[in-house]
Amino acid sequence: MSTPPAGHISIDSNTHDAADRRRRIMAIVGSSSGNLVEWYDFYCYAFFALYFAPAFFPKGDSTSQLLQTAGIFAVGFFMRPVGGWLFGRIGDRVGRRTSMVISVLMMCAGSLLIGVLPTYDTVGTLAPVLLLLARMLQGLSVGGEYGTSATYMSEVAIKGRRGFYASFQYVTLIGGQLLASLVLVALQSFMTAPELTAYGWRIPFFIGAGLAIVALYLRRSLAETKEAGDRENAGTFSELFKHWRAFCVVLAYTAGGSLSFYTFTTYMQKYLVNTAGMPKTLASQIMTLVLLVYMLIQPLFGALSDKIGRKTNMILYSGLGTLMVVPLMSFLGTNKDPTLAFAMITLGLAVVSFYTGISGIVKAELFPTNVRALGVGLSYALANATFGGTAEYVALWFKDNGMESTFFWYVTILLAIAFVASLIMPNPKVHGYLDGAGTVEEALGKKPGYAPA
């Protein structure tokens with residue numbers, strides 16, 4: 001057997017050596033810290049949209065301006081499949097670390113660009129065009145970030161505890177949201193609403209650009225998990241097509257997961273303000289506390305999946321979610337009590353946590369090494385762009401047309417589809433490329449294209 005290259009972390013080792021364990025944990029910390037910065041930069045746009053929307057669009061009612069801002073937010077998501085393909089290919093052919101370093105550099109550039117953009121009053125229609133270009137750059141970056149970091153964290157995680165360790169991808173993803181929310185609350189405490197609208201909204205984007213430099217330093221020190229091998233076919237569509245059944249299953253359950261995640265996180269702040277009638281500051285405070293709890297419970301759901309299996313987790317998330325959305329959203333739309341709002345949103349996100357706690361690992365287990373970054377990144381990006389990225393826009397469109405409750409049923413239908421996908425999903429404990437003895441293709445009735453990793 002050949003000796004792994006220097007600095008390489010073996011993903012197949014059964015050793016429980018303390019030094020190996022420390023290396024793996026430090027690799028998780030290093031990769032996840034960069035993930036936090038990436039998502040902080042990306043979510044600053046959503047959390048500060050209430051303040052910078054008037055700066056980039058013609059004067060009009062607040063819902064109309066938010067609708068246009070949400071449209072650009074959605075376009076950023078549509079760049080994710082391109083990022084998922086580009087960075088997935090780099091990750092599978094060159095290495096996971098190289099892909100993650102490039103993506104964080106690109107996010108830094110996009111955040112800095114938004115921070116210095118001129119307003120509509122200064123350059124007219126060029127302002128929203130430049131905002132669109134910056135969001136496209138960020139969308140490309142974060143589209144590549146998810147698949148590669150999910151792959152990397154799954155590969156370095158300790159066997160038997162992969163669910164627990166891989167859950168830190170969403171800990172840092174939510175941590176990025178939480179950090180953006182905390183920056184918003186802090187600025188609301190020290191600045192007036194007119195000051196935030198005039199120039200204060202630029203501050204978080206400058207902070208994000210600076211943090212990205214720190215993340216770049218941390219990622220450059222990461223060990224590589226991609227073994228040298230067949231690079232000619234690695235990261236190609238021809239190889240990925242051999243696993244198209246698994247790809248479609250991931251698309252289906254990710255669609256419901258992404259839509260429900262963005263409904264209860266980024267859109268919820270606007271829902272509490274525009275529909276429930278809560279003050280902006282109160283809504284921000286509620287969501288900050290909600291995100292803190294949500295972040296802290298992710299490892300619990302990841303560890304639970306190590307005990308009961310990923311498939312069971314997925315069935316619980318999609319089944320309970322299908323029953324929950326309509327009554328919960330209907331209640332929140334009429335509720336004025338902030339304590340009840342906090343409790344109900346936290347309940348909703350606890351159900352979503354059955355999915356988000358294992359989001360990366362449950363996908364990584366379904367694809368072999370040579371197309372893992374591409375398979376995870378592209379399937380997630382396509383579903384996320386189509387359904388997660390449009391969540392705010394679709395919700396606001398229904399509201400603007402007097403059919404707000406229709407959005408609740410839209411989320412419910414997608415979760416019902418995810419439930420069906422979760423039922424037919426192969427059990428990774430039996431048929432998976434990280435721990436399983438069989439293969440996903442065997443479980444789906446197709447001759448396997450690879451031996452298990």
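Throughout, residue positions are numbered sequentially from 1 according to the sequence presented.
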Is the ring centre of Phe52 less than 6.0 Å from the ring centre of Tyr45? yes
In the structure I gave you, are the side-chain heavy atoms of [X] and [Y] within less than 4.5 Å of one another anywhere?
X      : Y      : value
Ile114 : Gln138 : yes
Thr263 : Phe408 : no
Tyr294 : Ser353 : yes
Ile286 : Gln269 : no
Val362 : Val250 : no
Ile345 : Leu272 : yes
Phe398 : Tyr393 : no
Leu415 : Ser260 : yes

Spatial distance of atom [atom1] ([X]) from atom [atom2] ([Y]) [nearest 0.5 Å]:
X      : Y      : atom1 : atom2 : result
Leu184 : Cys44  : CG    : SG    : 9.0 Å
Leu113 : Met136 : CG    : CE    : 12.5 Å
Leu396 : Tyr271 : CG    : OH    : 12.0 Å
Met344 : Met268 : CE    : CE    : 11.5 Å
Met100 : Ile90  : CE    : CD1   : 12.5 Å
Ile203 : Phe48  : CD1   : CZ    : 8.5 Å

Those residues that, when tested against Ser167, pass side-chain hydrogen bond (donor to acceptor under 3.5 Å, both in side chains) (two or more places apart):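 Residues passing side-chain hydrogen bond (donor to acceptor under 3.5 Å, both in side chains) with Ser167: none at all.
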For [X] versus [Y], what's the shortest heavy-atom pair and its separation?
X      : Y      : value
Arg310 : Ser305 : NH1-OG, 2.9 Å
Pro299 : Leu296 : CD-O, 3.4 Å
Val376 : Ala150 : CG1-CB, 4.0 Å
Ala252 : Ile417 : CB-CG2, 4.3 Å
Tyr165 : Met153 : O-CE, 4.1 Å
Leu178 : Thr288 : CD1-O, 3.2 Å

Do side-chain atoms of [X] reach the backbone of [Y] as a donor and acceptor pair under 3.5 angstrom?
X      : Y      : result
Ser99  : Arg96  : no
Ser258 : Ala255 : no
Asn384 : Arg80  : no
Tyr40  : Pro204 : yes
Thr386 : Ala383 : no
Lys311 : Met425 : yes
Asp92  : Leu374 : yes
Lys363 : Tyr380 : no
Ser181 : Gln177 : no

Cation-pi geometry met for Lys280 and Tyr51 (6.0 Å, 45°): yes
Using 4.0 Å as the upper bound for N to carboxylate O, is an ion pair formed by Arg372 and Glu155?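 Here Glu155 pairs with Arg372 in a salt bridge, since their nearest N and O are under 4.0 Å apart.
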Any side-chain donor paired with an acceptor under 3.5 Å for Thr122 and Thr119? yes
Say whether Gln169 and Ser359, considering side chains only, have a donor N or O and an acceptor N or O under 3.5 Å apart. no
Stepwise side-chain contact (heavy atoms from CB on, under 4.5 Å) check, Leu126 with Tyr120: CA-CA 7 Å; Leu126 183 60; Tyr120 184 87; over 6 Å; no
For the ring-ring contact (aromatic ring centres under 6.0 Å, His included) test, which of Phe419, Tyr355, Tyr253, Phe354 pairs with Tyr317? Tyr355
Tyr170 and ring-ring contact (aromatic ring centres under 6.0 Å, His included): which partner among Phe301, Trp39, Phe261?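 Output: one option passes, namely Phe261.
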Take Ser154 and Thr151, measure what side chain to side chain donor-acceptor pair (under 3.5 Å) needs, and give me the verdict at the end. CA-CA 5 Å; Ser154 299; Thr151 295; over 6 Å; no
What verdict does the side-chain contact (heavy atoms from CB on, under 4.5 Å) test give for Asn274 and Lys399, after you've listed the backbone C-alpha separation in whole Å, the side-chain angles of each residue and the deciding distance to 0.1 Å? CA-CA 9 Å; Asn274 282 348; Lys399 178 177 177 60; 3.8 Å; yes
Looking at Leu137, Leu112, Asp41, Leu216, which hits side-chain contact (heavy atoms from CB on, under 4.5 Å) with Met107? Asp41
Counting neighbours of OH on Tyr217 that are heavy atoms of other residues, nucleotides or ligands and sit closer than 6.0 Å, is the number greater than 12?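 Open: at most 12 neighbouring heavy atoms sit under 6.0 Å from OH of Tyr217.
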Would you say that more than 12 heavy atoms from the other residues, nucleotides or ligands in this model lie under 6.0 Å from the OH of Tyr267, or not? yes
Would you call the rings of Phe205 and Trp201 parallel, tilted or perpendicular, where under 30° means parallel and over 60° means perpendicular?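 Plane angle over 60°, so perpendicular.
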For the residue pair Trp244 and Phe241, categorise the inter-ring angle as parallel (less than 30°), tilted (30 to 60°) or perpendicular (more than 60°). parallel
One pair to check against side-chain contact (heavy atoms from CB on, under 4.5 Å): Phe87 and Met106. What are the steps and the verdict? CA-CA 12 Å; Phe87 287 96; Met106 192 174 289; 4.0 Å; yes
CA sep, side-chain torsions, deciding dist, call: Tyr262, Thr390, side-chain contact (heavy atoms from CB on, under 4.5 Å): CA-CA 9 Å; Tyr262 285 103; Thr390 58; over 6 Å; no
